[in-house]
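Before any comments, here is the structure.
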Amino acid sequence: MPLLKLRKLQLSLLEWYDSEARVLPWRLQAAGSRDGYQVWLSEVLLQQTQVSRAILYFQNFLEAFPDVRALAAAPLEDVLKLWEGAGYYARARSLHRAAQIMAVRGLPSSFEAWLELPGVGRYTAAAIASLSANQAVAAVDGNVRRVLARLHNNPNPTESWLLETAQDWLFAARAGAWNEALIELGAVLCTPKKPRCSDCPLSSFCKANLEQTTSRVPAPKTRAKVKTIQALALIQFHADLVFLEQRPKKGLLGGLFGVPLMALNADAASTLEELGIPDAQFLGTVSHTMTHRQFEVVVYAIQSKRSDLVLAKNVALSRLDQKILALLQP
DNA sequence: GATGCGTGGCG
DNA sequence: TCGCCAAGCAT
């Protein structure tokens, strides 16, 4: 694109952003000079998470942990408890580890340095460096990908094409504002379905709009099929205490505590027979859907006098475990 | 480069 | 209803 035309496009977008951008809790300071801790926290929360939900968690975290030292000093269990229900729980563990690194070394002051922290990838590092220090590095997320793909009418943008294009187009003097403006445009107007091109400040520059291909650009990604998982949950309880085991660090709900689950290959009765607890009480069934998993869980309960029972409400639990435990007290 | 990882909103 | 989607990262 000719330089003069690119300048026009940039100013059109920045003007729109300056007047129309939403006010969000992490946007109270000017883009480019924001508090690094708050930018980092918000960006991690926003990874694959909707803005409306990130807002709640952001406010709770900021209240509980006003700065990185407070977050670093907290027990991991407290961080996970505050993260409860937000999903992708590895983010919470990375957040805590990164906070401990920063409590010692201080906050990173460049894209490259942010990139070293756990849970901070290329997008997040670029977003933080540009929004907190105005570093001239392009942040490419799903919104920017969609906006750039449509502007160029490129249905299948590769990662390298996106990075080059985004960096070429970056308005360096206001890097933070520019990145946030592209993201905002993708989130508010240039949406996956039914983009509002008539309100878009870039519509006259946009090839997909001019050629009426926005519904096909970018091409939808193929997704893995949803897998159904049949499982048996066994609640071992005494009064209002239950036994919770820690799930393997790697897999589903890794590292979280939860009700013991076992794959259900045969029928529940014979499985309980094998476990030596044929008298366990049937409580009901739980259905729970994740992006690629459909859980069907039959829930049984049995009295237990083991000494390691805990109060479930004090532990960070997944939604699946919350549903399972809800059957205990109807 | 492909997978796996949660949850809730939306049409 | 149900499939798609949301400010990605780690492996």
Side-chain angles (χ1 to χ4, degrees), chain A residues 21-22 24-27 31 34 38-58 80 83-95 97-98 114-131 138-148 156 158-160 162-163 166 176 178-188 190-195 215 218-229 247-256 258 287-295 316-323:
Chain A
R22 293 165 296 175
L24 299 172
W26 45 85
R27 289 184 178 177
R34 290 182 190 147
Q38 294 192 23
V39 176
W40 166 66
L41 176 60
S42 64
E43 289 300 338
V44 174
L45 277 168
L46 285 162
Q47 289 167 3
Q48 297 291 285
T49 302
Q50 294 172 337
V51 168
S52 59
R53 293 187 52 73
I55 289 174
L56 308 173
Y57 287 88
F58 180 78
L80 282 168
W83 199 272
E84 186 177 62
Y88 287 152
Y89 297 94
R91 289 185 295 169
R93 293 196 295 277
S94 294
L95 195 81
R97 266 200 297 147
W114 279 106
L115 200 50
E116 308 257 321
L117 290 176
V120 177
R122 176 145 33 186
Y123 161 73
T124 302
I128 302 170
S130 63
L131 289 167
V140 179
D141 72 338
N143 290 305
V144 176
R145 176 180 185 274
R146 191 167 55 250
V147 170
L148 294 181
N156 293 296
T158 64
E159 209 54 35
S160 57
L162 283 167
L163 290 172
W178 173 255
N179 282 333
E180 195 161 77
L182 275 180
I183 292 167
E184 185 76 355
L185 190 74
V188 173
C190 195
T191 48
K193 296 172 205 167
K194 294 192 177 182
S215 63
K221 290 180 176 175
T222 57
R223 288 167 180 264
K225 237 176 60 179
V226 177
K227 188 185 292 183
T228 300
I229 297 177
R247 304 243 159 76
K249 281 273 193 288
K250 292 294 175 184
L252 203 69
L253 304 173
L256 281 189
S287 292
H288 185 72
T289 307
M290 299 175 183
T291 304
H292 302 311
R293 297 281 182 274
Q294 169 66 40
F295 273 92
L317 295 176
S318 72
R319 291 293 190 231
L320 173 63
D321 288 288
Q322 291 175 3
K323 286 184 186 177

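Letters A, B, ... mirror the listed sequences (proteins, then strands); counts begin at 1. It should be emphasised that the depicted structure is a prediction, and the values quoted were computed from it without experimental measurement.
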Protein-proximity profile, nucleotides 2-11 of chain C, B/S/- by nucleotide at the 4.0 Å heavy-atom cutoff, equals ---BBBBSS-

side-chain contact (heavy atoms from CB on, under 4.5 Å) filter on Ser215(A), not counting sequence neighbours, yields none

Between Arg27(A) (side chain only) and Arg22(A) (backbone N and O only), is there a donor and an acceptor less than 3.5 Å apart? yes

Which whole number of Å gives the distance between the C1' atom of dC4(C) and that of dG6(B)? 15 Å

Determine whether the side chains of Gln47(A) and Tyr123(A) contain a donor N or O and an acceptor N or O closer than 3.5 Å. no

Indicate, with a heavy-atom threshold strictly under 4.0 Å, whether Leu45(A) touches base, sugar-phosphate, or nothing. nothing

If we take the C1' atom in both dC5(C) and dC5(B), what is their distance in whole Å? 16 Å

Less than 4.0 Å between a side-chain N and a carboxylate O, is that true for Arg34(A) and Glu180(A)? yes

Between dG8(B) and dC9(C), how far is it from one P atom to the other, in whole Å? 22 Å

Span that lies between the C1' atom of dG8(C) and that of dG1(B), in whole angstrom: 15 Å

Under the side chain to side chain contact (heavy atoms under 4.5 Å, CB included) rule, what do Phe295(A) and Leu252(A) come out as? Steps first, then yes or no, please. CA-CA 12 Å; Phe295(A) 273 92; Leu252(A) 203 69; 3.2 Å; yes

Ala224(A) or Ser318(A), whichever maps to the more 5' nucleotide of DNA chain B: Ala224(A)

Report yes or no: does Arg53(A) contribute a side-chain atom to a donor-acceptor pair with the main-chain N or O of Gly85(A) at less than 3.5 Å? yes

Respond yes when some side-chain nitrogen or oxygen of His288(A) is under 4.0 Å from OP1 or OP2 of dG6(B), and no when none is. no

